[in-house]
Student: 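Pasting a structure below so you can have a look.
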There are 2 protein chains.
Amino acid sequence: MQTTLYGEYRKLDRGGEAQRSLAYLRLRRAIQNTIESGAFPPGQALPSERDLAKKLALSRVTVRKAIGGLVEDGLLTQRHGAGTFVAERIVKSFSRLTGFTDDLRARGLKPRVKFLERGVGEVTPEEAMALNLSPGADVIRLRRLRFADDKPLAVESTAVPATVIADPNAVKLSLYDALEEIGCRPTRALQRLRAVALGADEAKLLDCDAGSPALAIERRAFLDDGRVVEFTTSLYRGDAYDFVAELHGD
Amino acid sequence: MQTTLYGEYRKLDRGGEAQRSLAYLRLRRAIQNTIESGAFPPGQALPSERDLAKKLALSRVTVRKAIGGLVEDGLLTQRHGAGTFVAERIVKSFSRLTGFTDDLRARGLKPRVKFLERGVGEVTPEEAMALNLSPGADVIRLRRLRFADDKPLAVESTAVPATVIADPNAVKLSLYDALEEIGCRPTRALQRLRAVALGADEAKLLDCDAGSPALAIERRAFLDDGRVVEFTTSLYRGDAYDFVAELHGD
DNA sequence: CACAATCATACCAATGAAATACCACTTTGG
DNA sequence: CCAAAGTGGTATTTCATTGGTATGATTGTG
């Protein structure tokens, strides 16, 4: 038996004395239970606020209060004029080479970036190894916090050889746009992906708890001639991001 | 199982008020399902936008919106004046499709497996969706604990249609060996990766703490004709397994 | 009474979708 | 070779429905 939203609400409705609780909290739990039971798959549209209010004999304000909490929690997404939807995880192709910005734009999300650091410096030994540079060479460094629709999704630390891009301020939103402008869009990349626990600092940046799972990705991007143009390490919130990869045999 | 586009759309269509969803999203999903089922081979032309609109009683704008999304995702290609086509697989991925056993052997580690469960049962709704089976069909289920050099690395839950392998005991160590013996080695697979926190049970199996990060991987493996032969969900210890992929642009 | 939750209502802004028309390109057939 | 037919590309208008927001009345409770 599939759980229905209305049934779930009525279940929470009765039991008045022992478990008295505010209407919008009851409704909120009802919606959450229904989603978690799988009756509303991700991407599914909820009934409209007006419908819900009418069917449950509540005012629209109350319904909105219930929905609002779940939107805050990231369980629901609302689109003005369209409706309320069960949130979908963001899916990124692991085998196609796209920058973060292009990727989000393609999904109709609003990418935003906040620069935590932007400067020039000497390569660290690790960067020298990854970028194939001699010790002492210069790189530009970007440390960026990535948002989708104003929710933090990832922290990225990027190093680009100063011989490729000399001015760190040339990178506005998308590194790949900046690279394309100077004819250096990479055509190949190696990625390494693993699961890690977030440290306290990173957790704070990403607005979740320390220790929560995240995807750690290291990427080296190459030009046709084999030069490395980018070395990036990223941390993606585990609860918001999926990667898909298509594999081929033989 | 072959699916038709119109059938697929109507399947998503019914369910009326309980399962409301926007028309262009329904159509989009329908087209995607149809392509992934293998009914439309790469290079195949779709019906024209006007035909689709007429047959499905939608406006052409709506049809275009559905198609547009899939073109953005690279699943379809449109040629002005010619038509809409299922995209050829341009990207030759270097990611090789290998089972866990082959993978570890290649790394010079000693694979070992312990069966936690091995049996036959009816498909769950989730499996039915993933394997493209009808509800009520049988699958064989394997739940395996994977070791490398006697250290636990992953738990894997696998479902294979009983029409492909009827006897669960036919699988000794490697599922892919067993599939190869009967000439059903998959040639393509889709994987989904994300980071999750381990539950108490899984943590115990993998000999680490509850809540520690892990890679959750869902894999659907396909034959040439589009049939799904395997649906596996795995949990890899985050501190012990890396995933490496080579990406290609353009 | 004071206060907060809730209801009722009205209006605004954004989106989905339909209907329609016209353009530009490709394919096809005479 | 050329014209007709069919294809995607684009734009416009119209309408219903949806979420976004503000305001004031009503209810229940301490």
Side-chain angles (χ1 to χ4, degrees), chain A residues 5 9 12-13 16-31 40 43-88 107-110 149-151, chain B residues 5 9 12-13 16-31 40 43-87:
Chain A
L5 179 51
Y9 179 76
L12 296 175
D13 200 6
E17 58 262 303
Q19 188 171 338
R20 210 151 49 94
S21 100
L22 302 180
Y24 81 96
L25 286 178
R26 279 205 308 264
L27 175 54
R28 195 189 146 146
R29 269 205 303 268
I31 297 176
F40 280 156
Q44 175 80 50
L46 257 65
S48 78
E49 296 177 351
R50 288 175 177 83
D51 273 7
L52 276 176
K54 194 171 173 187
K55 289 235 173 80
L56 299 173
L58 297 169
S59 100
R60 210 183 132 206
V61 186
T62 309
V63 171
R64 276 185 65 77
K65 203 162 176 186
I67 290 178
L70 294 171
V71 170
E72 281 269 323
D73 285 2
L75 217 67
L76 294 178
T77 312
Q78 286 192 302
R79 276 160 51 205
H80 190 173
T84 305
F85 304 84
V86 179
E88 274 184 280
R107 303 205 144 65
L109 296 172
K110 202 183 74 188
D149 283 348
D150 292 324
K151 293 205 308 210
Chain B
L5 179 51
Y9 179 75
L12 297 175
D13 199 8
E17 111 177 62
Q19 191 155 333
R20 191 175 61 91
S21 181
L22 301 179
Y24 81 98
L25 288 179
R26 279 205 309 262
L27 176 54
R28 198 192 143 141
R29 271 197 288 265
I31 296 176
F40 281 159
Q44 170 87 41
L46 257 65
S48 78
E49 296 176 352
R50 289 176 177 82
D51 273 6
L52 277 176
K54 195 171 175 186
K55 288 232 174 82
L56 298 174
L58 297 169
S59 105
R60 205 182 135 208
V61 187
T62 307
V63 172
R64 277 185 64 78
K65 203 161 178 184
I67 291 179
L70 293 171
V71 170
E72 283 226 336
D73 281 6
L75 223 69
L76 294 178
T77 314
Q78 287 193 302
R79 275 165 49 210
H80 191 171
T84 304
F85 305 86
V86 178

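Below, read A as the first sequence line, B as the second, and so on, with proteins coming before strands; counting in each chain starts at 1. The basis for the numbers below is simple: all heavy atoms, side chains too, and nothing from hydrogens, waters or symmetry mates.
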Student: Does any part of the side chain of Thr77(B), heavy atoms only, come nearer than 4.5 Å to the side chain of Val86(B), both counted from C-beta?
Tutor: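 Val86(B) vs Thr77(B): side chains apart.
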Student: Considering non-hydrogen atoms only, spot the tightest contact between Phe85(A) and Gly43(A) and give its length.
Tutor: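 What the structure gives for the nearest pair is CD2-O, 3.6 Å.
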Student: Quick one: do Arg28(A) and Asp73(A) make a salt bridge, cutoff under 4.0 Å?
Tutor: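 Salt bridge: yes.
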Student: From CG of Leu76(A) over to P of dG20(D), roughly how many Å is that when rounded to an integer?
Tutor: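 Checked: the CG to P distance equals 11 Å.
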Student: Figure out the CD/C1' separation between Gln78(B) and dC25(C), and round it to whole Å.
Tutor: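 It works out to 13 Å between those atoms.
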Student: Tell me: CG of Leu56(A) to P of dC7(C), nearest whole Å?
Tutor: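 Answer to the nearest Å: 10 Å.
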Student: OP1 or OP2 of dT7(D) sitting under 4.0 Å from any side-chain N/O of Thr84(B)?
Tutor: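 It does not, given that no N or O in the side chain of Thr84(B) lies less than 4.0 Å from OP1 or OP2 of dT7(D).
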Student: Rounding to an integer number of Å, can you tell me how far Ile67(B) CD1 sits from dT10(D) C1'?
Tutor: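 In whole Å, dT10(D) C1' and Ile67(B) CD1 are 15 Å from each other.
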Student: To the nearest Å, give me how far apart CD (Glu49(B)) and C1' (dT10(D)) are.
Tutor: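 One finds 11 Å between C1' of dT10(D) and CD of Glu49(B), rounded.
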Student: Go along nucleotides 13-21 of chain C 5' to 3' and tag each nucleotide: B for a protein heavy atom under 4.0 Å from its base, S when only backbone or sugar atoms are that close, - otherwise.
Tutor: BBBSSBB-B
Student: Between Ile31(A), Leu27(A), Leu46(A), which is the residue that forms a side chain to side chain contact (heavy atoms under 4.5 Å, CB included) with Leu70(A)?
Tutor: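 The side chain to side chain contact (heavy atoms under 4.5 Å, CB included) with Leu70(A) is passed solely by Ile31(A) among Ile31(A), Leu27(A), Leu46(A).
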Student: Just one of Thr84(B), Ile67(B), Leu58(B) clears the side chain to side chain contact (heavy atoms under 4.5 Å, CB included) bar with Leu52(B), so which one?
Tutor: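 Running side chain to side chain contact (heavy atoms under 4.5 Å, CB included) over Thr84(B), Ile67(B), Leu58(B) with Leu52(B) returns exactly one hit, Ile67(B).
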Student: Would you kindly give the CZ-to-C1' distance between Phe85(B) and dG6(D), to the nearest whole Å?
Tutor: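 Distance check: Phe85(B) CZ to dG6(D) C1' gives 12 Å.
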Student: Could you tell me whether the side chains of Gln44(A) and Glu88(A) share a donor-acceptor contact shorter than 3.5 Å?
Tutor: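 There is no such pair between these side chains.
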